[in-house]
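Below you'll find the structure, written out as structure tokens, and then a few comments.
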Amino acid sequence: MNDLAATASALVAPGKGILAADESVPTMSVRLERAWVAPTEENRRAYREMLVTAPGLSRGISGVILCDETLRQRVAGGRPFPAALAGLGLLTGIKVDAGTRPLAGAPGELVTEGLDGLPPRLREYSDLGAAFAKWRAVFTIGAGAPSGMALRANAEALGRYAAACQEAGLVPIVEPEVLMAGTHSLSQCETVTSLVLLQVVITLLDFGVDFEAIVFKPNMTLPGLDSGQRAPPGQVAEASLATLGSMPAALAGVAFLSGGQLPEQATENLAALQRIPHLWPLTFSFGRALVDPALAAWRGAPGRAVAGQDALLRRVAMNVAALTGRYTPELELEPAHGPA
Ligand code: 13P
């Protein structure tokens with residue numbers, strides 16, 4: 001196994017998932033303001049430091065995805081975040097896309113930008129200590145959407161990104177997200193997600209990427225937020241696995257995003273996924289479902305850093321329990337315990 005494939009395998013190692021703490025500066029600022037924390041550069045730094053220094057985090061987390069701002073910041077004591085993460089037994093990831101913009105010619109649809117100048121940026125991130133990268137494409141389900149144009153434009157960008165990452169010595173996390181927003185049914189989400197993943201896999205094959213050195217980060221298959229439906233975890237798991245039919249057997253692994261599900265719902269669905277036979281490691285790369293309770297508990301007060309860390313470690317422990325077949329909803333009612 002080459003070095004990149006070994007890094008990809010480490011990201012999806014048994015009983016471990018990925019912490020997505022890579023909200024862009026504007027998104028993080030909005031989330032801080034909602035938690036009554038001033039959206040300053042220092043508060044964004046302190047919040048990420050609180051998360052990554054949670055004691056024993058590496059027992060359930062393999063790597064942490066950062067944004068450009070955090071990657072260049074330092075933890076208390078002066079070490080840059082990537083060095084601090086390495087010291088804590090965590091791999092450093094970096095979000096390298098530049099966010100979404102309207103896709104010309106496809107009203108209402110989005111394309112992810114950030115390809116200009118990407119190869120030298122990737123080399124710089126690698127020099128700064130990043131081991132893996134992330135690029136997120138988004139698709140909405142609606143009348144005529146996603147269009148063939150949106151599928152092709154976003155898949156093409158993911159293909160160029162993934163190939164450039166591997167050339168620069170970074171493992172690409174390939175994140176095509178079909179959003180929960182909408183009135184669609186579970187089966188419509190399954191159809192669209194299958195189509196999106198197929199288009200992305202075909203494009204990655206065109207770009208000659210090494211699937212052993214790739215982690216896919218798709219959405220779970222869920223009914224739309226405004227559908228009035230709620231699918232039980234067994235159904236979500238069946239439908240989610242069905243969408244992965246186009247994934248090559250060589251793929252290093254799949255790490256699902258949480259997509260705005262409640263933390264407990266995401267964990268329950270992850271647990272159900274483990275119960276169905278599958279070809280690849282299936283784990284989590286959650287953002288909100290891991291960090292929302294931590295942000296709410298921390299509220300920007302240095303004296304509440306331990307409360308924030310406890311809240312994060314509790315979600316990590318629940319998701320590790322899901323990965324290892326020990327999760328039941330009743331576990332949520334038990335007093336806190338650390339990861340695994
Ligand atoms: P959520 O788990 O909150 O969807 O975030 C994952 C992520 O990395 C979004 O790009």
Side-chain angles (χ1 to χ4, degrees), residues 18-58 61 63-88 90 92-101 110 112-114 121 124-125 128-130 133-134 136 138 175 177 179-181 257-264 266 285-316 336:
I18 299 164
L19 168 60
D22 60 319
E23 300 89 343
S24 64
V25 170
T27 301
M28 192 65 243
S29 298
V30 168
R31 293 195 184 158
L32 287 176
E33 279 181 310
R34 276 200 209 126
W36 302 102
V37 182
T40 62
E41 185 177 341
E42 169 52 21
N43 281 339
R44 292 189 295 271
R45 190 206 64 76
Y47 168 63
R48 266 63 177 253
E49 176 171 344
M50 179 274 291
L51 293 177
V52 305
T53 57
L57 186 66
S58 66
I61 295 291
V64 182
I65 316 174
L66 305 175
C67 68
D68 181 88
E69 179 183 73
T70 317
L71 190 88
R72 298 173 194 280
Q73 289 174 323
R74 292 169 187 267
V75 296
R79 294 174 96 190
F81 266 81
L85 288 177
L88 292 162
L90 297 159
T92 295
I94 175 73
K95 183 235 294 289
V96 301
D97 67 66
T100 57
R101 302 281 184 282
L110 298 170
T112 302
E113 297 196 336
R121 271 202 298 132
E124 186 195 4
Y125 288 137
L128 289 170
K134 178 192 116 169
R136 172 175 177 257
V138 298
E175 182 179 357
E177 175 176 5
L179 297 171
M180 264 167 87
L257 58 92
S258 61
Q261 298 177 76
L262 291 174
E264 297 78 7
S285 175
F286 294 162
R288 286 160 288 177
L290 285 176
V291 301
D292 277 358
L295 177 56
W298 176 62
R299 296 197 303 266
R304 296 192 54 81
V306 171
Q309 292 178 332
D310 285 350
L312 171 64
L313 291 175
R314 183 167 176 87
R315 286 314 328 146
V316 172

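Summarising the geometry, atom CG belonging to D292 is positioned 12.5 Å from atom CZ belonging to F286; distances are rounded to the nearest 0.5 Å.
In this structure, N43 and W298 approach most closely via the heavy-atom pair O-CH2, 3.7 Å. The two residues M50 and A305 come nearest to each other via the heavy atoms CG-O, 3.7 Å. Contact between A20 and S285 at its shortest, heavy atoms only, is CB-O, 4.2 Å. Closest heavy-atom contact between L71 and Y125: CD2-CD2, 3.3 Å. Residue A21 comes nearest to L51 through the heavy atom pair CB-CD1, 4.2 Å, listed as atom of the first residue, atom of the second, then distance. Closest of all the heavy-atom pairs between P263 and A289 is CB-O, 3.5 Å.
R299 places no side-chain N or O within 3.5 Å of a backbone atom of W36 that could act as its donor or acceptor partner. In terms of modelled atom types and a separation under 3.5 Å, the side chain of E69 and the main chain of E41 share no donor-acceptor contact.
More than 12 heavy atoms of other residues, nucleotides or ligands shown are found within 6.0 angstrom of CZ on R72.
Side-chain contact between V37 and Y47: absent, with no pair of heavy atoms (C-beta onward) separated by less than 4.5 Å. In this structure, L312 and L290 have side chains that are in contact, with non-hydrogen atoms separated by less than 4.5 Å. Side-chain atoms of L90 and L19, non-hydrogen and from C-beta on, never get closer than 4.5 Å to each other. Using a 4.5 Å heavy-atom cutoff, the side chains of L32 and T40 are not in contact. Contact annotation: the side chain of L313 approaches that of P55 to within less than 4.5 Å [non-hydrogen atoms, C-beta and beyond]. Side-chain contact between L66 and L85 is present, with heavy atoms from C-beta onward closer than 4.5 Å. Side-chain contact check for R48 versus M28: some heavy-atom pair is nearer than 4.5 Å. Looking at heavy atoms from C-beta onward, Q261 lies in side-chain contact with M180 at the 4.5 angstrom threshold.
The existence of a salt bridge linking K95 and E175 is excluded, since no basic side-chain nitrogen approaches an acidic carboxylate oxygen closer than 4.0 Å. E23 has no carboxylate O lying under 4.0 Å from a charged side-chain N of R288, or vice versa, which leaves the two without a salt bridge. Between R314 and D310, no side-chain nitrogen of the basic residue sits less than 4.0 Å from a carboxylate oxygen of the acidic one, so the salt-bridge criterion is not met.
Side chain to side chain, R136 and T112 fail the donor-acceptor criterion of an N or O pair below 3.5 Å.
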(request) Show your reasoning for whether salt bridge (Lys or Arg N to Asp or Glu O under 4.0 Å) applies to E42 and R45. (result) CA-CA 5 Å; E42 169 52 21; R45 190 206 64 76; 2.8 Å; yes

(message) Could you go through R44 and S29, starting from their C-alpha distance and side-chain angles, then the distance that decides it, and tell me whether this counts as side-chain hydrogen bond (donor to acceptor under 3.5 Å, both in side chains)?
(response) CA-CA 8 Å; R44 292 189 295 271; S29 298; 3.1 Å; yes

